[in-house]
Protein chains: 2
Amino acid sequence: MRVTLKDIAREVGLSVTAVSRALNGHKDVSEATRARVLEAARRLNYYPNSIARGLVTQRSGTVGLFSVSFTQSYSIMSDPFAAELVDAILERFGETGYDVLWFSRSRIEKADSYVALAVQRQIDAAIFLGLRTDDHRFAELRTIGIPLVTVDVPIDVENAVCVGCDQVMGAYAAVSHLIEMGHRRIAYISGHWHAPVSHERREGYMKAMAEAGCPVRDEWIVEGDFSRASGKRSMERLLALDPRPTAVFCASDLMALGAMDAVRAHGLRVPDDVSIIGFDDIREAAEAQPPLTTVHQPRHLLGKAVADTVIEALREGGSWKGKGRILLEPKLVRRATVAPVRDGGASAAG
Amino acid sequence: MRVTLKDIAREVGLSVTAVSRALNGHKDVSEATRARVLEAARRLNYYPNSIARGLVTQRSGTVGLFSVSFTQSYSIMSDPFAAELVDAILERFGETGYDVLWFSRSRIEKADSYVALAVQRQIDAAIFLGLRTDDHRFAELRTIGIPLVTVDVPIDVENAVCVGCDQVMGAYAAVSHLIEMGHRRIAYISGHWHAPVSHERREGYMKAMAEAGCPVRDEWIVEGDFSRASGKRSMERLLALDPRPTAVFCASDLMALGAMDAVRAHGLRVPDDVSIIGFDDIREAAEAQPPLTTVHQPRHLLGKAVADTVIEALREGGSWKGKGRILLEPKLVRRATVAPVRDGGASAAG
DNA sequence: TTTGCCAACTTAAACGTTTAAGTAACGTCA
DNA sequence: TGACGTTACTTAAACGTTTAAGTTGGCAAA
């Protein structure tokens, strides 16, 4: 039923090898023969079987996309930043002919092994989204033996690259902006501490505060989990403080949106009473009321960088060594959730 | 380097066949032997090569997920409804051991053939998201020869099933609700007409209007493309009408959100001046200001139904015949964007 | 004792490719 | 003339599985 090289070979009266070589553009076939083969292939509706090819070449032509657990929430696509990033990665791969096998959280948990999935499916490279440093399968990655690209999680293996934005710089820019607006009591709603970005953004926050001579109080740093609900919860804790912070830097737009919910629920206003700044610049940030000031991460470039890194690794074959880290530049986007501080940040507030 | 059956066979002093049968649970191996094989497999870190297996069994153990073009917008994940649906599908598949090969829009466009991708990758079944009736590859689907599951696009082939909500019912419920609130001049902002759901929702709209004896004017039916921007554009056209509609039923939450933007931009208020109702109940609907009244589509059940249908087809093998259509029930979710009409819908308004 | 059967294996072929190695025909050059 | 190349092929093996068809030895039934 299925059309194979053998069918074409029979059709044009050649060996299977000759047909294979004609189709693959080798130069030891005459042009006349190649034309006949091509014609027959198209007439019979032949498409090469990548499974058979993979068996002999030892490369499947697929890359595995592991979406581990960006947030606490149900799964990865509920995080708009992840969704848009995935989008960009897939679009780029689509242009190349590599296909992407998607390993969802439940699949990963069922197999309980990255290596098992990688070996079984013979993927040529792996991309990790939402990898957590407390993942008990982390050590396994050392033995996986194929190019590895993680997003925002540096990992010290030779065949790995971490692609991401400069988180320290992004956070620094955000907090500096708040400081320029006169804020001094600035809080940081972080993502969970098992995400390296949470620490890096904290570092940028601390740096900006230190340079401005603003003391940082422990209770201004609250751990969320990147989700909107956690942003709201965290903001509630901050609003209970006396004096309360006049501005909050959130480690995700979702948390910033949640924080705005909390501010509103308290009968206060953004940015009049509290300035809020987010991170990511997801679609909803611009659409929020008021539009959210945030740190833009160039998702499309990130996705392209991820895909291009993988593609380069695949082309180079075994000789490829990871480049450590690829850092893109984030950019502050000023919208409407940051205002100059009203009381100079010196007096108490209730 | 790679551990194969041969390695295990050598290790335990058996033939490759015996090892294969032991691992696959055939009953013609002694329990003692099976135990030795299992032990060796685990000790050597053996994982079956699904490529080799696929070559002989003629089934790859993968299903193709084709995300064609839900909306006009860049790609599928920018549509929250699609993203959440995909999520549910992937999570369900993860529990089964089937793996999902994701064909993005660019991949589909590059190959320009569903059959080519299906045959090359030997996928066992295909899922179509965002298929449009004006897709020039539509006819191809007839010859694809594997189980086919589409979301919201009925397709008349024996090996296909369409999974989706009852769109007519959902639209009918939405418009009836508006009518109950006293509205009579009700507009419909549709998705593009190449999506069958646009027509089905229109049917529900017409049915509710007809039953209530409300005349429908041509200019009340506007074509968008499901995106927020198109919702805004469409609403602007409706606001220019005299008398303008007092309520609008939108074929997606995104368009409803866009419509709300337009209303606000006109200095009018939702729901005081215009009632708005959406479709889908994406996460942002509940979070909007004011929270959006909409028709909830049970994404999780939809995703599960899609996956379960595929899994069933795969288990049944060649004997499987599509069941035509699986219809789930949508449900109206009353939030805060619908209010009783102020002028009874009879007088003119500016 | 022979026959037959069963359990527990092994052998060999097959899946659809790619590729290393071989070959036949033909031309070229010394 | 013969050695050597080149061109355009073919042959055969391999990739790692599964599976149909044998094979062996032991045991029960006749």
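The sequence lines fix the lettering, A, B, ..., with proteins before strands; numbering per chain opens at 1. Note that the structure is predicted; figures quoted are calculated from it, not measured.
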Asks: Starting at atom CG of B:Leu55, determine the distance to atom C1' of C:dA13, rounded to an integer number of angstrom.
Replies: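 Taking atom C1' of C:dA13 as the reference, CG of B:Leu55 is at 13 Å.
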
Asks: Between A:Thr4 and A:Asn49, is there a side-chain heavy-atom distance shorter than 4.5 Å?
Replies: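 No. Closest side-chain heavy atoms not under 4.5 Å.
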
Asks: Round to a whole Å and report the spacing from CD of A:Gln120 to P of D:dT17.
Replies: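 Computing the A:Gln120:CD to D:dT17:P distance gives 11 Å.
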
Asks: For A:Arg59 and C:dT19, what is the distance between atoms CZ and C1' respectively, to the nearest whole Å?
Replies: 16 Å

Asks: Could you check which of D:dC15, C:dT17, C:dC15 has an atom nearest any side-chain atom of B:Val56?
Replies: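 Nearest nucleotide to the side chain: C:dC15.
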
Asks: How does protein contact run along nucleotides 23-28 of chain C, one letter per nucleotide 5' to 3', with B for base contact, S for sugar-phosphate only, - for none, heavy atoms under 4.0 Å?
Replies: ------

Asks: Hey, can you pull the residues of residues 18-44 of chain B with a non-hydrogen atom under 4.0 angstrom from DNA chain C?
Replies: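 Here the set is B:Ala18, B:Asp28, B:Ser30, B:Thr33.
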
Asks: Taking for each residue the nucleotide of DNA chain D bearing the nearest heavy atom, is the 5' side occupied by B:Thr17 or by B:Asn49?
Replies: B:Asn49

Asks: Compare side-chain N and O positions of A:Gln58 against OP1 and OP2 of D:dG16 and report whether any pair is under 4.0 Å apart.
Replies: yes

Asks: Can you tell me if the side-chain N/O atoms of B:Tyr47 get under 4.0 Å from OP1 or OP2 in D:dG16?
Replies: no

Asks: Given C:dG16, is OP1 or OP2 found less than 4.0 Å from the side-chain N or O atoms of A:Thr4?
Replies: no

Asks: Does a salt bridge link B:Arg132 with B:Asp135, judged by any charged N lying under 4.0 Å from a carboxylate O?
Replies: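 Salt bridge flag = no for B:Asp135 with B:Arg132.
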
